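Heads up: the structure comes next, in C-alpha cells.
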Amino acid sequence: MGIIYENLRSCVETVRRKTDFQPRVALVLGSGLGGYGDTIRIEEEISYREIEGFPVSTIEGHKGRFLFGYEGEVPVVVMQGRVHYYEGYSMEEVVRPIRLMGLLGAETLFLTNASGGVNREFRPGDLMLIRDQISSFVPSPLIGSNEETLGPRFPDMSAVYDEAYREEIRKTAARLGISLREGVYLQFSGPAYETPAEICMARALGADAVGMSTACEAVAARHMGMKVCGISCITNMASGIEKQPLSHEEVKETADRMGGVFQQLIKESIRTIGRT
Ligand code: HPA
C-alpha cells in the first residue's frame, strides 16, 4: 500500500471518528452554489481543517467543509468549497477530497462549476450539461506510482460522464422548464484567464466551455470506478468573444444570479438519480 492510500486511510479514520454516515452521492459545489448547503437536511458537518493533511482553500469566500445529509431520501456528502491546482497544491492533493468521498461510500460524483463560454451560441447565465472533457492542459492526478487499491494503472476514459445520468438530468431540466446546453468542458490551470488565441485553440479542439477545475476530479473519480456527472454555469463569454475584459466580478455576479435555478436543477437531479 502506497503513501497516497495511507494518507487517505487516515483521512477516512478522522471522518469516521465523527460520523458513520454512508453517502451515496458526492456533490462538489462550484461558484454561486454555496447556499445549496442550507437546503438539505444536514446530519453532520466537518471542516477540511479538522482533517489532517487536507488541502484548504486559499481563496476568500470559499468555505471549505463537508456536509453530510439528505437530499430528499438520498444520502449525500457535499463539498462546500474545493481547492484548485492554481493555488499551488499538487494534483494529488486537489483530488484528495474526491477520493475520500469515494472511500466513504459515494458511488456517484456530481460536479458543478463556473466556466467561460467558448461556443459562440452560448450566453452568460446558460447551464451546460458536461458531455465530455479535455484535461490535457493540466497534469493528470494519476501521475506517480499507481494505487492499485483505488483503480488500474491505465483506466478507461471513454465514457467519463455517465450517459444514463445525463439523460436523467436532461429530463429533469425539461420537467422544470430549465433550458440546458450540452458540451465539452476544457480545464486550463489558470489562474489567469485565457488569451483570445487560447480560446480559439480551445474551440478548434472541440471545447464548448473552459474553466480551472473539474476535469481532474472527474479523472480521479473514474479511476476509482465512481460514476460521474457534471453541470457548468456559463458565467461569461470566454476571452476575445466580447469587447470587455474578463473579471472575477462578472463571474461571481452571474454565478450568484443563476444560483437559484442552478440549485433547483441540482436538487431535482440528485433526487432523480437517487431513484435509479
Ligand atoms: N475562463 C476560465 N475559467 C473560468 C472562466 C473563464 O472564462 N469563467 C469562469 N471560470
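Keep in mind that this is a model prediction, so the values were computed, not measured. Remember, it's 1-based here, ligands and their atoms both numbered in the order they're listed.
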- Report the part of Ser239 (side chain from C-beta onward, or backbone N, CA, C, O) that has a heavy atom under 4.0 Å from ligand 1; answer both or neither where that applies.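 Neither; nothing of Ser239 gets under 4.0 Å from ligand 1.
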- ligand 1 versus Thr235, non-hydrogen atoms closer than 4.0 Å: side chain, backbone, both, neither?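 Side chain only.
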- Query: Aromatic ring centroids of Tyr161 and Tyr185 under 6.0 Å?
  - Reply: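 No, the ring of Tyr161 stays outside the 6.0 Å limit from the ring of Tyr185, centre to centre.
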- Message: Does ligand 1 come near enough to Glu194 that some N or O of the ligand is less than 3.5 Å from an N or O of the residue?
- Response: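 Looking only at distances, the answer is yes, because the N/O contact criterion of under 3.5 Å is met.
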- Item | Basic-acidic side-chain contact under 4.0 Å: Arg257, Glu253 |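 Between Glu253 and Arg257 there is no salt bridge, as every charged N stays at least 4.0 Å from the carboxylate O atoms.
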- Message: Does atom CZ (Arg153) have a neighbourhood of more than 12 heavy atoms from anything else shown, all under 6.0 Å?
- Response: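 Yes, enclosed.
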How close does the nearest protein non-hydrogen atom get to [atom], and which residue and atom is it?
{"atom": "atom 10 (N) of ligand 1", "answer": "Ala114 O, 3.5 Å"}
{"atom": "atom 3 (N) of ligand 1", "answer": "Gly211 CA, 3.4 Å"}
{"atom": "atom 8 (N) of ligand 1", "answer": "Asn236 OD1, 2.7 Å"}
{"atom": "atom 5 (C) of ligand 1", "answer": "Gly116 N, 3.4 Å"}
{"atom": "atom 4 (C) of ligand 1", "answer": "Val210 O, 3.8 Å"}

- Pick out which of Ile98, Leu27, Leu111, Leu29 makes a side-chain contact (heavy atoms from CB on, under 4.5 Å) with Met79.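 Of the listed residues Ile98, Leu27, Leu111, Leu29, the side-chain contact (heavy atoms from CB on, under 4.5 Å) partner of Met79 is Ile98.
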- Testing Asp208, Ile241, Val210, Ile234 for side-chain contact (heavy atoms from CB on, under 4.5 Å) with Val118, which one passes?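 The side-chain contact (heavy atoms from CB on, under 4.5 Å) with Val118 is passed solely by Val210 among Asp208, Ile241, Val210, Ile234.
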- Item | Sub-4.0 Å atoms of ligand 1 with respect to non-hydrogen atoms of Met212 |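 That gives atoms 2 (C), 3 (N) of ligand 1.
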- Numbering the atoms of ligand 1 from 1, which are under 4.0 Å from a heavy atom of Leu246?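 Taking each heavy atom of Leu246 in turn, ligand 1 has 7 (O) under 4.0 Å.
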- Side-chain H-bond candidate by donor/acceptor type, Tyr36 with Gln264, under 3.5 Å: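 Short answer, no.
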- Message: Ring-plane angle category for Tyr48 and Phe66, please: parallel below 30°, perpendicular beyond 60°, tilted otherwise.
- Response: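 Tyr48 and Phe66: perpendicular rings.
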